[in-house]
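A quick write-up on the structure given underneath.
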Amino acid sequence: MMKFLFMMIFMIPLCFKQKMFWLVQMLLFFMMIMMMNLNISFIYFSNISYMYSCDMISFGLILLSVWICGLMIMASENLLKMNFYFNFFLFNIMFLLIMLYMTFSSMNLFMFYLFFEGSLIPTLMLIIGWGYQPERIQAGMYLLFYTLFASLPLLMGIFYIYLNIDTMYMYMLKFYNMNYFLLYICMVLAFLVKMPMYFVHLWLPKAHVEAPVSGSMILAGVMLKLGGYGMLRVLIFLQMVNMKLNYLWVVISLLGGFYISLKCFSQVDVKSLIAYSSVAHMSLVIGGIMVMNYWGFMGAYILMIGHGLCSSGMFCLANINYERLSSRSIFINKGMMNFMPSMSLWWFLLMSSNMAAPPSLNLLGEISLINSLMSWSWISMIMLMLISFFSAGYSLYLYSYTQHGGYYMGLYSFYSGVSREYLLLLLHWLPLNFMILKVDYSMIWF
């Protein structure tokens, strides 16, 4: 694990050299290919050291982080064109990637907490430094205070565990079963805010709408997954108390997912609609993790990976339109099929993945999650049906509204899609739909 960390650290000076923008991106993809060749064990921690190691869950999420960071650089070519602090932008992305890499590969709970919070800083920098509207300061404050407010109890909980059982290693903690209500609330709350669960989701649409394309991509692609990853790790030693309280989280998630799906239909901002759809998908993931069975565990993992690629790709599409029209309003983004017919295909492909059409990973994840929630209680079927139906509804609503109809007459100059954008979308869509062929990596861990 150390070799990749050093590779990332030594890439930081490159960020400040002239004409190294695309080299950094190429190196990230090169690192990604090297990582894919790692020999990772399915059920045990492998590449193990005293503090850092990697098992299948962390491995998938680390690969996702590197991939999305490479694509973020690709999507932000405008910064290079405008000569807008792109060196510092690259440094920011590398710093964020190091934080995410360390978060996913930490075995020590305290180190995990440290990097979990550390990844907040570069995200904040992205929103405040490269965002578009003056409200980005407020969005940054929302992001910071929501997350920090919920994370302090998590730190207290970690210290309490260390005080009592003298270890903070995730692998050792699985031999303990802590049946404490307050500890459970402290440990789980931070991750529920990060996911985000309905009721504590307000920071997410705000942050997405104000963030630049790269900020939206990393927020949707990886930052939301930190919450799910933390829950998968922490609930191992809080099983008893979770069994008593899980109905609460599942009910909030299902009702919240349904309500947010309805909320998507009233959005007039393309980015805002995609951000709210993320909340609806993550509510299923929370439900799957909380019922604590095998299907839920696997479904949550698969949907996290699938949603990371799909959501990130949709934010790229929204940004491609924004660069042409300087507006994210659905009313102005009409009739795009007249201008960019080939881009319309990519809108369709990513929208269909968003509503969990085959052969995307989202379909596999949602089937597993529906399976797990149904086995927990058949009554959850009602909400699951509504969430699935409306998920298709708002995806089609967004697609038909942006692609069909007469275009906005105020447009005066336009250019069609460039190859960089098509490649960017292809690199989101290919892994999302072709990883279904190697589903044993994400599903069958016996």
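Because the structure is predicted, anything quoted here is derived from the model rather than measured.
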Under a 3.5 Å threshold, yes or no: a donor from one side chain and an acceptor from the other, between S105 and S58? no
Calculate, to the nearest 0.5 Å, the distance between atoms CG and CZ belonging to L100 and F95 respectively. 10.5 Å
What verdict does the ring-ring contact (aromatic ring centres under 6.0 Å, His included) test give for F29 and W67, after you've listed the backbone C-alpha separation in whole Å, the side-chain angles of each residue and the deciding distance to 0.1 Å? CA-CA 7 Å; F29 283 136; W67 190 247; 5.1 Å; yes
What is the distance from atom CD of Q403 to atom CG of N321, rounded to the nearest 0.5 Å? 7.0 Å
Begin from the C-alpha positions of N87 and F21 and carry the test side chain to side chain contact (heavy atoms under 4.5 Å, CB included) through to its verdict. CA-CA 8 Å; N87 299 112; F21 192 79; over 6 Å; no
What class does the angle between the rings of Y401 and Y397 fall in, given that below 30° is parallel, 30 to 60° is tilted and above 60° is perpendicular? perpendicular
Look at atom OH of Y415 and say whether more than 12 heavy atoms of other residues, nucleotides or ligands are closer to it than 6.0 Å. yes
Applying side-chain contact (heavy atoms from CB on, under 4.5 Å), name anything that partners F10, two or more places apart in sequence or on another chain. F6
Are K334 and Y408 in a cation-pi contact, defined as NZ or CZ under 6.0 Å from the six-membered ring centre and within 45° of the axis? no
Do N354 side-chain atoms and L350 backbone N/O form a donor-acceptor pair below 3.5 Å? no
Where the side chain of W203 meets the backbone of V193, is there a donor-acceptor pair that is under 3.5 Å apart? yes
Atom pair CZ (F45) and CE (M107), whose distance is rounded to the nearest 0.5 Å: 4.5 Å
From L124 CG over to M141 CE, what is the distance, rounded to the nearest 0.5 angstrom? 6.0 Å
If we ignore hydrogens and angles and just use 3.5 Å, is the side chain of Y198 paired with the main-chain N or O of Y259 as donor and acceptor? no
Geometric class of the Y171/F175 ring pair [parallel <30°, tilted 30-60°, perpendicular >60°]: perpendicular
Short side-chain to backbone donor-acceptor contact, Q239 and I236, under 3.5 Å: yes
Mind telling me whether Y52 and F115 have parallel, tilted or perpendicular rings, with 30° and 60° as the class edges? tilted
So, K271 side chain and A211 main chain: donor-acceptor pair closer than 3.5 Å or not? yes
Straight-line distance of L317 CG to L398 CG, nearest 0.5 Å: 9.0 Å
H208 side chain to K206 backbone, donor-acceptor under 3.5 Å: no
Salt-bridged, R324 to E421, with N to O below 4.0 Å? yes
Please check if the number of heavy atoms outside N37 that lie under 6.0 Å from its CG is greater than 12. yes
Only one of W249, F116, Y184, Y229 passes ring pair (Phe, Tyr, Trp, His ring centres under 6.0 Å) with F191; say which it is. F116
Look only at the side chain of H428 and the backbone of C316, and say whether a donor-acceptor pair between them is shorter than 3.5 Å. no
Please round to the nearest 0.5 Å and tell me the distance separating atom CE of M195 and atom NE2 of H281. 12.5 Å
Output all residues satisfying ring pair (Phe, Tyr, Trp, His ring centres under 6.0 Å) with F16, sequence neighbours left out; order by chain, then residue number. F91
What do the steps show when you test M8 against Y101 for side chain to side chain contact (heavy atoms under 4.5 Å, CB included), and what is the final call? CA-CA 10 Å; M8 284 184 276; Y101 178 78; 3.4 Å; yes
Any chance CE of M36 has more than 12 other-residue heavy atoms, nucleotides or ligands included, within less than 6.0 Å? no
Quick check: closest heavy atoms across S41 and S46, and the distance to 0.1 Å? N-OG, 3.1 Å
Without swapping roles, check the side chain of N333 against the backbone of S327 for a donor-acceptor pair under 3.5 Å. yes
Side-chain donor or acceptor of S344 paired with backbone N/O of M340 under 3.5 Å: no
Can you establish whether the number of heavy atoms outside M32 located under 6.0 Å from its atom CE is more than 12? yes
Cut-off 3.5 Å, side chains only: do N362 and E366 have a donor facing an acceptor? no
Using modelled atom types only, decide if a donor and an acceptor are shared between the side chain of S312 and the backbone of L309 within a distance under 3.5 Å. no
Are there more than 12 heavy atoms of other residues, nucleotides or ligands under 6.0 Å from atom CZ of F84? yes
